[in-house]
Amino acid sequence: MKTKNIVKIVILSVVLVLFLVTLFFSNQLENLLLLKPNLQKVYNNSLSVHFVDVGQGDAILVRFPNNKTMLIDSGSENHKNNLLNYINNVFFNNAKNKTFDYVMLTHPDADHMGNMLTIFNSYKVNNFLRPNIYAEGIEKYDGFNASSGEENYVRLVAKAYALNINMKFATPDFSDENLNEYMRILTPIRNNYSDENSFSPIISLTHNGVKFLLTGDATKQNELELINNYSEEIYNCDVLKLGHHGSSTSTGEQFLNETSPSAVVISYGKDNSYLHPSEETINKIVNYAETNNLKYNNLVYETAKQGNIIFSVKNNAYDVTTINNVNNYVFVNYWVVVVIVIALFIVFVILPYLIKFLFSKKSNNVLKP
């Protein structure tokens with residue numbers, strides 16, 4: 001009887017120890033069990049750029065090496081929960097201080113501006129970088145044929161005023177001591193365009209020689225302006241986010257060759273009515289890949305196919321992490337699961353055994369003459 005008890009105790013102890021050993025592989029197990037995505041290749045104190053899957057739209061999160069945070073666009077309103085889930089659980093990783101040092105709106109289309117009011121209401125925002133459109137703030141831009149987004153944009157600017165958020169225009173004149181080392185706004189060159197998309201700033205992000213170009217819905221006209229004014233800044237970029245979700249109105253052949261990216265990101269939704277990305281743009285990417293001896297599947301990243309895409313700079317290169325669907329995860333640490341399992345193990349296995357053992361021992365003592 002004593003031998004059996006000893007064997008049981010040894011087995012239980014070994015199981016418990018083995019279970020505790022799994023804590024050393026917590027990152028892998030969190031990912032495998034869909035507790036949390038594996039973010040081991042998203043580096044601290046570096047430049048990380050998150051292309052968030054917001055369906056047919058744009059939302060880009062940036063963490064700079066100095067730990068300053070930025071949101072560029074916010075997707076459409078019907079993807080609000082996806083965006084907030086990603087911001088809270090992945091980007092801020094459940095941190096108590098959820099502050100955006102900078103929020104930028106490239107232009108007032110619903111698929112870029114849809115959740116901006118929610119962002120202003122849900123997080124502390126220190127600076128709002130707004131497009132140079134309706135330049136008087138709450139007045140209509142003189143002579144501009146505004147889209148239906150004007151009313152919402154005016155409401156957004158008024159909200160920023162009400163919250164005392166510092167506002168600046170997202171133009172090449174922008175300067176900030178916290179960002180100048182890492183970010184430059186290269187376009188729009190002019191103050192007046194007939195196409196609202198042309199107000200979208202093209203942004204250069206750099207760290208340790210790794211260069212990103214983020215284009216909003218910038219048009220081929222903006223791209224040509226960029227080539228004529230900033231050829232050195234755009235040459236040999238590492239990651240190019242295609243303009244206007246891969247539409248034929250953006251990504252001219254000359255611009256693609258001038259930027260010569262090693263990775264291309266297309267942010268769009270599955271089965272969208274705009275048929276983004278366009279066949280014309282895809283053919284350009286295919287030709288570019290063949291000309292430069294690149295494999296298309298290694299070159300192109302698409303939010304509609306891979307979900308959320310994170311580029312994180314390490315030394316003078318970058319690593320890529322993809323999270324197919326942020327809603328698949330429960331965002332619980334593995335150690336919490338371990339504690340719960342151990343507690344249940346104690347309550348339902350060890351405790352009944354101890355009670356039985358003690359009761360048996362007490363009964364034996366009572367029966368003794």
Side-chain angles (χ1 to χ4, degrees), residues 41 47-62 72-73 75 106 111-112 186-187 197 200-207 209-220 222-224 226-227 230-231 233-270 272 274-313 317-324:
K41 292 186 177 181
L47 177 65
S48 295
V49 183
H50 303 237
F51 297 91
V52 185
D53 181 12
V54 287
Q56 181 60 28
D58 267 16
I60 302 171
L61 290 155
V62 183
I72 303 171
D73 292 331
T106 60
D111 58 339
H112 294 253
L186 305 177
T187 70
N197 288 332
S200 294
I202 296 178
I203 305 153
S204 170
L205 303 176
T206 57
H207 180 55
V210 178
K211 185 185 303 181
F212 297 77
L213 279 180
L214 311 178
T215 56
D217 279 5
T219 63
K220 290 178 180 176
N222 299 125
E223 295 171 358
L224 290 174
L226 194 64
I227 292 169
Y230 296 102
S231 59
E233 283 82 351
I234 67 172
Y235 182 68
N236 272 353
C237 87
D238 293 275
V239 181
L240 171 65
K241 182 265 174 191
L242 294 194
H244 203 179
H245 323 289
S247 165
S248 60
T249 61
S250 304
T251 317
E253 187 173 350
Q254 183 182 359
F255 180 69
L256 187 59
N257 290 327
E258 287 277 347
T259 55
S260 58
S262 57
V264 166
V265 178
I266 315 175
S267 181
Y268 69 100
K270 297 177 183 177
N272 65 85
Y274 303 99
L275 301 180
H276 292 156
S278 73
E279 184 177 354
E280 177 185 331
T281 299
I282 293 299
N283 287 336
K284 288 177 189 174
I285 302 297
V286 170
N287 292 334
Y288 170 80
E290 291 176 350
T291 301
N292 292 277
N293 296 317
L294 300 170
K295 292 184 178 180
Y296 182 89
N297 290 337
N298 293 336
L299 172 68
V300 179
Y301 295 86
E302 303 169 71
T303 57
K305 295 180 180 179
Q306 288 143 312
N308 306 279
I309 305 160
I310 310 169
F311 291 82
S312 193
V313 176
Y318 60 79
D319 281 319
V320 184
T321 300
T322 59
I323 304 172
N324 186 25

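Quick note: numbers below take in every heavy atom, side chains included, and nothing from hydrogens, waters or symmetry partners. Quick caveat: nothing in here was measured; it's all calculated off a predicted structure.
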Where do [X] and [Y] come nearest, in terms of heavy atoms and distance?
{"X": "Gly75", "Y": "Ala59", "answer": "N-CB, 4.1 Å"}
{"X": "Thr206", "Y": "Lys211", "answer": "CG2-CG, 3.7 Å"}
{"X": "Thr303", "Y": "Val52", "answer": "CG2-O, 4.4 Å"}

* With a 3.5 Å cut-off and no angle check, do the side chains of Asn197 and Thr219 form a donor-acceptor pair? ->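 No, no side-chain donor-acceptor pair sits under 3.5 Å.
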* Asked: Between the side chains of Ser267 and Asp58, does any donor sit under 3.5 Å from an acceptor?
  ->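 Note: Ser267 and Asp58 side chains meet the donor-acceptor criterion.
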Mind checking whether [X] and [Y] have side chains closer than 4.5 Å, heavy atoms only?
{"X": "Leu242", "Y": "Val264", "result": "yes"}
{"X": "Phe212", "Y": "Val313", "result": "yes"}
{"X": "Leu240", "Y": "Leu256", "result": "yes"}
{"X": "Phe51", "Y": "Glu302", "result": "no"}

Taking atom [atom1] of [X] and atom [atom2] of [Y], what is their separation to the nearest 0.5 Å?
{"X": "His276", "Y": "Ile266", "atom1": "NE2", "atom2": "CD1", "answer": "11.0 Å"}
{"X": "Ile72", "Y": "Ile203", "atom1": "CD1", "atom2": "CD1", "answer": "4.0 Å"}
{"X": "Leu205", "Y": "Asp238", "atom1": "CG", "atom2": "CG", "answer": "11.5 Å"}
{"X": "Leu214", "Y": "Ile60", "atom1": "CG", "atom2": "CD1", "answer": "4.5 Å"}
{"X": "Asp217", "Y": "Thr106", "atom1": "CG", "atom2": "OG1", "answer": "6.0 Å"}
{"X": "Lys270", "Y": "Asp53", "atom1": "NZ", "atom2": "CG", "answer": "7.5 Å"}

Residues in side-chain contact (heavy atoms from CB on, under 4.5 Å) with [X], at least two apart?
{"X": "Asp111", "value": "Asp109, His245"}
{"X": "Ser48", "value": "Val42, His50, Ser312"}
{"X": "Val320", "value": "Tyr301, Ile309, Phe311, Tyr318, Thr322"}

In a table with atom names and distances, give each donor-acceptor pair under 3.5 Å that connects a side chain of residues 248-255 to protein atoms at least two apart or in another chain.
from	atom 1	to	atom 2	distance (Å)
Thr249	OG1	His244	ND1	2.9
Thr249	OG1	Ser247	OG	3.1
Ser250	OG	Ala218	O	2.6

* **Stepwise side chain to side chain contact (heavy atoms under 4.5 Å, CB included) check, Asn308 with Thr321** => CA-CA 8 Å; Asn308 306 279; Thr321 300; over 6 Å; no
* Which residues pass the side-chain hydrogen bond (donor to acceptor under 3.5 Å, both in side chains) test with Thr281, sequence neighbours left out? ->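 In terms of side-chain hydrogen bond (donor to acceptor under 3.5 Å, both in side chains), with neighbours along the sequence ignored, Thr281 is linked to Ser278.
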Just list the side-chain donor-acceptor pairs under 3.5 Å for residues 289-300, sequence neighbours left out, or say none.
from	atom 1	to	atom 2	distance (Å)
Thr291	OG1	Asn287	O	2.8
Asn292	ND2	Tyr288	O	2.8

